[in-house]
Amino acid sequence: MNIFHLTSYKILKILSKVSIGIGTGFYIVAVIYLPIFLILKILSLFLVNFYTGVIAYVRANHITKECEQCEYKGNWKVCPTMKPIIEKLYEHGFKKRKSSLEKIEMI
């Protein structure tokens with residue numbers, strides 16, 4: 001959808017993500033119930049992992065490029081757009097703050 005610039009329409013982005021999720025779920029269930037050897041099932045599931053990894057890599061690169069063009073240069077601690085998101089990640093335990101000892105060890 002990026003190739004045809006259709007991702008500028010929010011509804012299409014949402015529908016594409018929902019369809020990818022549903023399709024992936026059906027694929028995984030189908031592979032689990034297929035009457036084939038276990039090793040072939042595992043290899044088939046690695047395909048899902050590979051495609052998911054490719055999508056994540058492309059998205060991460062896109063985000064990185066956008067952040068590097070911004071005046072904050074990817075510093076999410078001061079970026080007005082990302083700072084509230086990062087703070088919520090800390091608040092709900094999805095991200096942990098580095099202690100001052102860990103910061104000193106990194107230097």
Side-chain angles (χ1 to χ4, degrees):
M1 291 183 55
N2 277 340
I3 295 171
F4 300 114
H5 303 289
L6 295 175
T7 55
S8 59
Y9 303 105
K10 190 170 187 170
I11 189 70
L12 289 178
K13 285 175 83 168
I14 292 170
L15 289 175
S16 71
K17 290 178 183 184
V18 167
S19 63
I20 287 171
I22 291 171
T24 302
F26 280 135
Y27 179 79
I28 290 171
V29 169
V31 167
I32 290 172
Y33 287 106
L34 277 175
I36 58 176
F37 294 110
L38 180 62
I39 190 71
L40 292 176
K41 289 181 182 184
I42 292 170
L43 290 173
S44 295
L45 292 176
F46 273 125
L47 282 175
V48 172
N49 192 26
F50 173 75
Y51 289 127
T52 304
V54 168
I55 291 170
Y57 176 77
V58 168
R59 290 185 68 207
N61 274 348
H62 178 72
I63 290 170
T64 303
K65 285 179 185 174
E66 276 191 34
C67 284
E68 290 303 317
Q69 293 173 358
C70 174
E71 66 182 281
Y72 298 101
K73 302 287 182 214
N75 185 357
W76 290 355
K77 292 179 182 175
V78 294
C79 174
T81 303
M82 288 303 293
K83 186 175 181 176
I85 296 169
I86 297 298
E87 289 300 321
K88 288 203 184 271
L89 290 175
Y90 286 133
E91 179 183 331
H92 296 288
F94 290 103
K95 192 170 175 67
K96 297 196 187 282
R97 295 187 192 275
K98 293 183 180 177
S99 67
S100 57
L101 264 177
E102 288 177 356
K103 289 179 185 175
I104 293 170
E105 288 176 2
M106 289 176 58
I107 295 174

| task | Could you tell me the separation between the CE atom of M82 and the CG atom of L89, rounded to the nearest 0.5 Å? | result | 7.5 Å
| side-chain hydrogen bond (donor to acceptor under 3.5 Å, both in side chains) contacts in which one or both residues fall within residues 56-68, not counting sequence neighbours | Y57-N61, H62-E66
| query | Given the rule that I, L, V, M, F, W and Y join up when any side-chain heavy atoms are under 4.5 Å apart, are I63 and I86 in one cluster? | reply | yes
Pair up each side-chain donor or acceptor in residues 27-46 with any protein partner under 3.5 Å, not counting sequence neighbours, and list the distances.
{"residue": "Y27", "atom": "OH", "partner": "S44", "partner atom": "O", "Å": "3.2"}
{"residue": "K41", "atom": "NZ", "partner": "I32", "partner atom": "O", "Å": "2.8"}
{"residue": "K41", "atom": "NZ", "partner": "L34", "partner atom": "O", "Å": "3.2"}
{"residue": "S44", "atom": "OG", "partner": "L40", "partner atom": "O", "Å": "2.9"}

| request: Please write out which residues are connected to V78 in a hydrophobic cluster, directly or through intermediates, given that two of Ile, Leu, Val, Met, Phe, Trp, Tyr count as joined at side-chain heavy-atom separations below 4.5 angstrom. | output: Y72
| field | Separation between OG of S19 and CD1 of I14, rounded to the nearest 0.5 Å | value | 12.0 Å
| request: Answer whether the closest heavy-atom distance between the side chains of L15 and V18 falls below 4.5 Å. | output: no
| said: Regarding E87 and K77, does a basic nitrogen lie under 4.0 Å from an acidic carboxylate oxygen? | reply: no
| remark: In short, P84 meets C79 closest at the heavy-atom pair CD-O, 4.4 Å
| What distance separates K96 NZ from Y90 OH, expressed to the nearest 0.5 Å? | 11.5 Å
